[in-house]
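Structure first, then comments.
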Amino acid sequence: FCHKLGRAGSAAVVIGDDDNDGFEVKFAVPEKIKSIEWLVTGGEISFEQNGEDVTVTTAPQTYGNSVVVRIAKLKF
């Protein structure tokens with residue numbers, strides 16, 4: 001789970017997230033990952049894999065979206 005992902009948008013409507021470039025989460029996966037994408041939008045998610053260690057960098061949610069849970073799909 002990635003908590004406190006933040007929002008991106010106009011400074012006129014988004015307060016306190018001026019420097020929010022995203023969030024990193026680290027976990028282990030024994031298989032080689034080909035790609036990771038958001039299930040809802042199909043948008044590609046940046047990641048690095050070194051052996052079993054995976055680091056995923058998420059983008060902040062766009063202002064106006066209120067997604068409670070964001071699910072990503074890993075392709076092997």
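For Glu48, the salt bridge (Lys or Arg N to Asp or Glu O under 4.0 Å) criterion is met by no residue, not counting sequence neighbours. Residues satisfying the side chain to side chain contact (heavy atoms under 4.5 Å, CB included) test with Ile33, not counting sequence neighbours, are Val29, Ile36, Phe47, Gln49, Val54, Leu74, Phe76. Scanning for salt bridge (Lys or Arg N to Asp or Glu O under 4.0 Å) contacts around Lys75 gives Glu37, with sequence neighbours left out. For Thr55, the side chain to side chain contact (heavy atoms under 4.5 Å, CB included) criterion is met by Glu24, Lys26, not counting sequence neighbours.
Thr57 approaches Ile45 most closely through the heavy-atom pair O-CG2, 3.7 Å.
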